[in-house]
Amino acid sequence: MPIRVYNTLTQTKEPLQTVVPGKVGMYVCGPTVYSKSHIGHMVGPVIFDTIKRFLVHSGYDVTWVVNITDVDDKLIVQANAEGTTVKELAERVTADYQACLDALGVTGIDHMPRATEHIEEIIGITQGLIDKGYAYPAGGDVYFDVSKAAEYGKLSHRNPEELQAGARIEPTEKKKHPGDFALWKASKPGEPAWESPWGPGRPGWHIECSAMSMKLLGEHFDIHGGGLDLVFPHHENEVVQSECYSGKPFASYWLHNGLLTNKGRKISKSDPDTVVLMADLLHQYEPDTLRTLLLSSHYRRPIDFSPGRLDEVERGLRAFRSLFDRFERMTGRSFYDLDAPTSRAEGDRLAAGELPPEVADHRARFLEAMDDDFNTGGALGELFELVRALNRFADAERLDARKGDPAAIAPWVAGMTILRELSRLLGLFLRPPARSEPDAGGLTGPLIELLIELRAQARKDRNFALADQIRDRLAGLGIRLEDRPDGTGWKIEG
RNA sequence: GGCGCCGUAGCCAAGUGGUAAGGCAGCGGAUUGCAAAUCCGUUAUUCCCCGGUUCGAAUCCGGGCGGCGCCUCCA
């Protein structure tokens, strides 16, 4: 079953056929770095990180580029308001963005080019478009002439006449047509500026993505991604200027992720009520919880964000944590350190061996879902089924009592290895949750062990009132006790 | 006004022509001293509404209704 992707350009699902067999070039629009990242900024990175993981696992050699737009009117305004420089602001916000990506396990980005480091390429493309008659200089600015490009509107499926009729585009006397957009903007005194054939200025908004994607991935590459809100005008402009410049098709497939809403409205910097900062969320929730929410439905669908939803997701993830604890008790090894197949072929070999019932089926269905336009919601469902199949097998075979017998638990461990393979494809459970670890070198662990010992004695004496008091008081402190045949375990909960 | 997305149980959600995955919440059972965790069972005769095509539709077509996004900076 080949991988199929929904292409905004054709509005259909198409089999993935790459420019160079076995290789994928993927470009995703990153942030304009003038304010801290909110949860909405993470949707694209998490989705495309997952897509990259899946493509790599499927045998592709993937190069993934996410740009940083570090020069723009908004940066100038914000830097002035803060009394700092555009450069300092951009660096600070970029560092915050990077920290959020790291926290969510978005590790697959190969290049993060900055607009300000590609001024030369931007000027080159702009000049090239002027030379070919697609752009014109006007009073220090340079505009793309939309009327010269017959295909303008093909990505967002609009026609330019209607566009102009209903347009609320700011009238600028320098533009020939209201739909024309700036490739280069003349700078005012005191603003960041670069020398150019048209005088000192800075790039327009869309040109940097054309310059950086074509430089790093070639003039024709495979996947271009971004939020649905970027389809028009950003991506429409990007595709038209790139193709007019190179004379080649730009990106083969355009993938757009749905937007996050809060209280029913799109989360957006221009609607401050809706903004939920990543930095705050990361203090309240496990990264896996945030990531699971973002992957819980198909990537084109909008997701309504709320703390209640996150709590639900977190409760759902407990089943995984409990299973991982079981694995650790059984094998003495952490699930988080478990090596798993890193390719589909390797996983297929493991799946062909001895496994608990249903495990191979769920794996097959998981991969099928991912093949079909990266259906992470369906894949996640299979992961939950896998957890159940593994617990069921361990229960039925009474594996907890046979943990000293490697041969007996081997099929189950193989099943766990499949779970590791698949959950890693979604970028989940890469690291143990921070909160379940007692303070390193602190007294918490030993003190809890002491209380468990005292409670065990009370239970032996059939003093259940005291035993339950210990358990309830610990629960009040967020520490949950679990009595199992082989002893009492404990867990710190949120 | 134009372009696009969406409407599946109390909530979230997969499924896009063959008789409704999964998660949360709830209920019943196994297990337990009681719990927790785990397992089993259960919760939509039905997929916004109305018509049509078909042996057969949540899935295709037509028409409504409702929600959202874009057309201006946005991931």
Side-chain angles (χ1 to χ4, degrees), chain A residues 8 11 13 28-32 34 37-48 66 72-74 97 153 156-159 161-170 179 205 225-234 236 256-261 264-271 292-293 296-298 300-304 306 308-309 311-319 321-323 325-326 362 365 369 372 375-385 387-388 390-396 400 459 462-465 467-468 471-472 475 480-485 488-491:
Chain A
T8 303
Q11 299 180 295
K13 244 185 245 181
V28 176
C29 287
T32 300
Y34 69 95
S37 295
H38 61 251
I39 178 75
H41 290 123
M42 294 296 116
V43 179
V46 165
I47 291 298
F48 287 98
V66 175
D72 169 89
D73 294 5
K74 297 235 166 174
Y97 182 68
S156 55
H157 307 100
R158 293 154 208 256
N159 88 54
E161 287 96 72
E162 281 172 1
L163 210 59
Q164 289 177 22
R168 282 185 286 163
I169 298 165
E170 247 177 79
W205 174 34
L228 269 166
D229 54 348
L230 294 182
V231 176
F232 190 91
H234 183 56
E236 190 68 63
H256 289 102
N257 60 270
L259 305 172
L260 231 45
T261 60
R265 303 200 304 273
K266 187 180 97 170
I267 293 179
S268 159
K269 287 181 196 170
S270 49
D271 189 354
T292 302
L293 176 69
S296 63
S297 69
H298 184 82
R300 289 184 70 84
R301 287 187 57 153
I303 301 172
D304 192 50
S306 73
R309 279 287 291 137
D311 292 337
E312 260 181 51
V313 170
E314 193 144 276
R315 280 195 291 275
L317 255 26
R318 279 188 200 163
R321 306 285 186 203
S322 297
L323 180 63
D325 289 345
R326 193 173 199 177
H362 291 308
R365 283 201 282 270
D372 186 8
N375 181 357
T376 53
L380 212 46
E382 296 302 328
L383 226 48
F384 275 97
E385 297 256 34
V387 168
R388 193 150 44 146
L390 288 162
N391 273 318
R392 189 189 293 139
F393 182 77
D395 285 358
D400 302 87
R459 291 175 73 203
R462 304 196 68 76
N463 184 353
F464 294 122
D468 290 349
R471 187 176 64 199
D472 294 345
R480 197 181 68 218
L481 298 190
E482 295 177 11
D483 294 327
R484 302 187 206 91
T488 298
W490 59 276
K491 210 171 188 180

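Letters A, B, ... mirror the listed sequences (proteins, then strands); counts begin at 1. Side chains included, hydrogens not; waters and symmetry mates left out as well; all remaining heavy atoms used.
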A:Leu380 atom CG is separated from B:G15 atom P, nearest whole Å, by 13 Å
Closest of B:U38, B:C34, B:C73 to the A:Asp483 side chain is B:C34
Quiz item: Below 4.0 angstrom from OP1 or OP2 of B:G69, is there any side-chain N or O of A:Arg300?
Solution: no
Next on the checklist: Does this structure show an ion pair linking A:Glu385 with A:Arg388, if we count only N-O contacts that are shorter than 4.0 Å?
Outcome noted: yes
#### Entry: Check: A:Arg326 and A:Leu390 side chains under 4.5 Å, non-hydrogen atoms
no
Has A:Phe464 got its ring stacked on B:G33, by the test of a centre gap below 5.5 Å and a plane angle below 30°?
yes
Of the candidates B:A14, B:G33, B:G69, the side chain of A:Lys266 sits closest to B:G69
Side-chain contact check for A:Arg301: nearest option of B:G69, B:A36, B:A14 is B:A14
From CG of A:Asp229 across to C1' of B:C3 the rounded distance in Å is 15 Å
Of the candidates B:C73, B:C11, B:A35, the side chain of A:Ser270 sits closest to B:C73
Side-chain N or O of A:His41 closer than 4.0 Å to phosphate OP1/OP2 of B:A75: yes
Quiz question: going by heavy-atom distance under 3.5 Å, is there a donor-acceptor pair between the base of B:C24 and the side chain of A:Arg309?
no
Check: Would one find a side-chain N or O of A:Arg392 under 4.0 angstrom from OP1 or OP2 of B:C40?
Finding: yes
Which of B:U38, B:G33, B:A37 is nearest the side chain of A:Ala319? It is B:U38
Across every strand shown, the nucleotide meeting Watson-Crick or G-U wobble geometry with B:A9 (both distances under 3.5 Å) is none
Comparing A:Asp311 with A:Leu228, nearest RNA chain B nucleotide closer to 5' gives the residue A:Asp311
*Determine whether any donor atom in the side chain of A:Asn375 lies under 3.5 Å from an acceptor atom in the base of B:G15, or the reverse, and answer yes or no.*
no
**Request:** May I ask you to verify whether the side chain of A:Glu312 and the base of B:G23 hold a donor-acceptor pair under 3.5 Å?
**Result:** yes
Testing B:G2, B:A14, B:A75 for proximity to the side chain of A:Arg158, the answer is B:G2
